[in-house]
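Taking it in order: structure first as structure tokens, then the write-up.
On a predicted model such as this, the values are computed, not experimentally measured, just so you know.
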Amino acid sequence: MAASCSPSAQQSAASPQGRAVKGGKAEGPEQLRVLCYNIHYANPPSKDKTFIDLDAIANVIKKENPDVVALQEVDVNTNRSGKVHEAQVLAEKTGMKAYYFGKAIDHDGGDYGVAILSKYDLLETHTYPLPDDRSTKPEPRVLATARMRTPGGFEFMFAVTHLEVRREENRLMQMAEISRIVNATSLPVIIAGDFNAKPDSETIKRLDTLFQRTCDPCEPTIPVINPNRTIDYIAFRPTDRFKVLEHKVIQETYASDHLPIFAVLQIQPQK
């Protein structure tokens, strides 16, 4: 489900980020501001499970002013979230130009999955189911992708995922499918998500064969109070098309049960 937002949101998205402007034209290398956030369906862990605070999530996003956002644990029209389309509402609240929801499962009268928010038009979108061993009864997972183009003409694929939580063998199956998907495109790829895997795991070792992470070492992202595990990542390929200018874990402890992560990537000229 891909859509554009209001005309006012489109107008606010027109100027590129992090570039000097002279004579009405942007100068210097373009930058991409990337945010990744497992939003726990906008339910603050300190509140009742039916309490939804989309404003809290939106405020985290707006503060960092990202160009693209990868969201996990997103509800669309579920009973527990008040029958709202969380991706659409967050796009509107944050002034994003477009959004895309990738459904993973039916849940509580609606849908549940991952989402992309973008300041750029989404030129092509897909949701890919990820494999697993069904005998282990895992929750189905997906990879959602969007092809987009920056104001400077840089075209890339942005991908978001949320891998299986319990079994490494399932996550490795899912990483193998992600490898197949990204190897099928000639575009640069940025992937972000909750991989449910620590940096020394086989899953992240596999990720590192395909992408370069924006952090190494990576600060913990969960739990939000006294975090001690890193399972959320932003990564990119090929390595020579991006330069990491910044990576940080945002210390936001109210809105979700994960800490959001943020990176600034400078686009490098093609060699």
Quick one: are [X] and [Y] in side-chain contact, heavy atoms under 4.5 Å?
X	Y	result
Arg213	Pro199	yes
Val60	Ile57	no
Thr161	Ile178	yes

Without swapping roles, check the side chain of [X] against the backbone of [Y] for a donor-acceptor pair under 3.5 Å.
X	Y	result
Asp53	Ala56	yes
Asn38	Asp194	no
Asp108	Arg80	yes
Arg33	Glu64	yes
Asn170	Asp133	yes

Where is the tightest heavy-atom contact between [X] and [Y], given as atom of each residue plus distance?
X	Y	value
Ile61	Pro66	O-CD, 3.0 Å
Pro45	Tyr254	CD-O, 3.6 Å
Glu86	Ala42	OE2-CB, 3.9 Å
Thr125	Ala146	CG2-CB, 4.0 Å

Between [X] and [Y], do the side chains contain an N or O donor and an N or O acceptor separated by less than 3.5 Å?
X	Y	answer
Thr239	Gln212	no
Arg206	Thr203	no
Tyr100	Thr127	yes

CA sep, side-chain torsions, deciding dist, call: Asn196, Arg171, side chain to side chain contact (heavy atoms under 4.5 Å, CB included): CA-CA 8 Å; Asn196 273 314; Arg171 290 192 291 272; 4.2 Å; yes
Residues His162, Phe195; criterion ring-ring contact (aromatic ring centres under 6.0 Å, His included); working and verdict: CA-CA 6 Å; His162 185 189; Phe195 288 78; 9.5 Å; no
Output field: ring centroids Phe101/Tyr99 closer than 6.0 Å: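 No; Tyr99 has its ring centre 6.0 Å or more from that of Phe101.
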Centroid separation Phe242 to Phe236 less than 6.0 Å: yes
Transitive ILVMFWY cluster of Ile231, excluding itself - 4.5 Å side-chain cut-off: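 For the cluster that includes Ile231, the remaining residues are Ile222.
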Basic-acidic side-chain contact under 4.0 Å: Lys97, Asp121: yes
